[in-house]
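Just follow the structure's listing: the first ligand is 1, and inside any ligand the first atom is 1.
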Amino acid sequence: MNTTITRVHARAIWDSRGRPTVEAEVELAGGATGRASAPAGASRGAHEAIDLRDGGEHLAGMGVANAVALARAEIAPRLTGMDAADQAAIDAALCELDGTANKARLGANATVAVSLAVLHAAAAAAGEPTWRWLAQGRAVRLPLPEIQIFGGGAHAGRRTDVQDFMVMCPRAGSIARALEMTADVYRAAGILMDEAGLLAGTADEGGWWPNFNSNEQALVFLTRAIERAGYRGGEDVFISLDIAANELADGDGYFLPLDQRRMTSAEMVDRAAQWARTYPLISIEDPVGQDDMAGMARATALLGDEIQIIGDDFLVTNAARVKQALAGGACNAALIKVNQIGTVSEAAAALNAARDAGWATIVSARSGETEDISIAHLAVGWDAGQIKVGSFARSERMAKWNELLRIEEQLGSAARYAGIDAFPAAVRDRLAR
Ligand SMILES: C=C(OP(=O)(O)O)C(=O)O
Ligand SMILES: [Mg+2]
């Protein structure tokens, strides 16, 4: 089928926080179409690509309107006539047209929507689901999910200092079973919190909005919820944390408002290590801030043989930062968010740099999302091994989980759940023992 781009259209739509974002549609000469929209982070790294966004009281202001206008006026004519099947050329054209180091002129929200829409259109033209088009015949696995049970930090009015309290079910055997187990834990956690008078609704990603009086209390409740749901912590279900420590940075150290503690980088790492010894922890994301290379290296040296140390704000889906971290002995896993860098090809480059380093990779949603299901396809098609989408009970998250169930069904007897193999080698070996 003819994959020449005949039309690129952009519009403003609304995301899961009721904020405007960019949606793009791409049409090809053979009749295939692709559509995608941009997510938006709340805890953003300073080294991320720049979105043209709206803030303040009047949300439907100039930011997204500008991104849409630029997509129509500049991106559309530039990409029209190009081959949608050549993603590298499309993304190179987007970078060149933008002309900045961080998509600040066109807006990463415009480039990411267009880049992903092109990907979906090319897959549609090939008559394939996007995951299969991306895999190009290589073997793929269903990713191991990381699912939020309590939201905190920038996603829940800073009710806890730690941003995400999540669970992982590496021995579930399938996505379908992993979701069932997580649903059990999610419900059990809600019941326990309600009984204790600590439930205050749901946070931005659908995890429970807690009224805990310390970060430690959240860990105690999550461990109890795993047991109450009938699972063994550290066997069937593990805890994963996103500290998002960047949000806690204070001068040359950190300040944790809930725990009312000022901490040095070394103390942050030591406390993470203490939690890892006390609770069934398997993964910690951003235990220190975005530029704290010494802290991240210390966390990796101390804990990297036992648990996954993920860089998110620390790496910002940037292949160059992945290589710097590797050289500095920091991290053993990379979070991959396409909108942190702005195009599919650049995100793939960061993922490949992490994979070449022997790290684990986790394709991730943002705290502001739409019903877009691209990340389910990227996680499978790139064989990332892991995926982080937020929680249950919010449809912008369920759209991704449900798409993974469809992909599991499409794979049929070839479906293979990444499970413990998705972790960095040392962690996998520990679990296999
Ligand atoms: C998904 C996250 O949050 P946000 O999208 O707000 O950066 C995260 O920090 O991993
Ligand atoms: Mg994070």
Side-chain angles (χ1 to χ4, degrees), residues 15-19 21 37-51 53 55 108-109 112 145-168 202-207 209 240-249 254 268 272 283-292 296 299 308-318 321-322 325 330-331 333-342 347 350 354 360-370 372 374-376 378-379 384 386-391 394 396-397 400-401:
D15 77 7
S16 57
R17 278 193 280 247
R19 290 177 177 271
T21 189
S37 51
S43 61
R44 295 168 46 80
H47 307 291
E48 287 192 30
I50 304 288
D51 287 341
R53 295 265 300 276
N109 42 355
V112 81
E146 228 189 331
I147 306 184
Q148 190 191 62
I149 306 296
F150 311 136
H155 303 167
R158 310 203 180 266
R159 275 302 307 135
T160 55
D161 303 317
V162 173
Q163 180 181 283
D164 296 283
F165 293 87
M166 298 168 285
V167 294
M168 303 182 84
T202 54
D204 278 10
E205 297 192 6
W209 180 302
S240 168
L241 300 179
D242 182 1
I243 312 265
N246 222 28
E247 298 287 311
L248 306 168
Y254 300 87
M268 290 288 282
S283 182
I284 299 185
E285 182 179 323
D286 286 343
V288 294
Q290 61 196 3
D291 293 314
D292 188 350
M296 201 60 134
Q308 179 165 259
I309 304 292
I310 307 174
D312 169 19
D313 297 334
F314 191 78
L315 301 171
V316 291
T317 313
N318 184 321
R321 285 183 72 88
V322 168
C331 305
L335 208 73
I336 302 295
K337 293 166 165 170
V338 182
N339 83 325
Q340 276 181 328
I341 189 80
T361 55
I362 306 100
V363 172
S364 174
R366 300 306 304 248
S367 51
E369 274 289 334
T370 67
D372 185 286
S374 301
I375 61 164
L378 297 176
Q386 299 180 50
I387 186 166
K388 177 185 179 190
V389 179
S391 190
R394 283 189 64 128
E396 78 280 3
R397 316 284 148 185
K400 282 80 160 164
W401 298 127

## Note on the structure
What lies under 2.8 Å from the Mg ion (ligand 2), restricted to protein N/O/S atoms, is D242 OD2, E285 OE2, D312 OD2
### Query
Which heavy-atom pair separates K388 from D242 by the least distance, and what is that distance?
NZ-OD2, 3.1 Å
### Message
I'd like the residue list for ligand 1, meaning every protein residue with a non-hydrogen atom under 4.0 Å from the ligand.
### Response
G41, A42, S43, H155, Q163, E205, D242, E285, D312, L335, K337, A365, R366, S367, K388
### Query
Are S364 and D312 side-chain neighbours, meaning at least one heavy-atom pair lies under 4.5 Å?
no
### Query
Does any non-hydrogen side-chain atom of M296 lie less than 4.5 Å from one of C331?
yes
### Message
Looking at V389, is its backbone amide N or carbonyl O close enough to the side chain of R397 to form a donor-acceptor pair, meaning the two atoms are under 3.5 Å apart?
### Response
yes
#### Entry: Polar side-chain atom of S367 near backbone of A42 as donor-acceptor pair, under 3.5 Å
yes
### Query
Under 4.5 Å between any side-chain heavy atoms of R366 and Q340, yes or no?
yes
### Message
Looking at every non-hydrogen atom in both residues, tell me the closest pair between I310 and E146 and how far apart they are.
### Response
CD1-OE2, 4.2 Å
### Query
Does anything in residues 37-46 pair up under salt bridge (Lys or Arg N to Asp or Glu O under 4.0 Å), and if so which pairs, sequence neighbours excluded?
R44-E48, R44-D51
### Task
Go through the structure and list residues passing salt bridge (Lys or Arg N to Asp or Glu O under 4.0 Å) with E369, not counting sequence neighbours.
K400
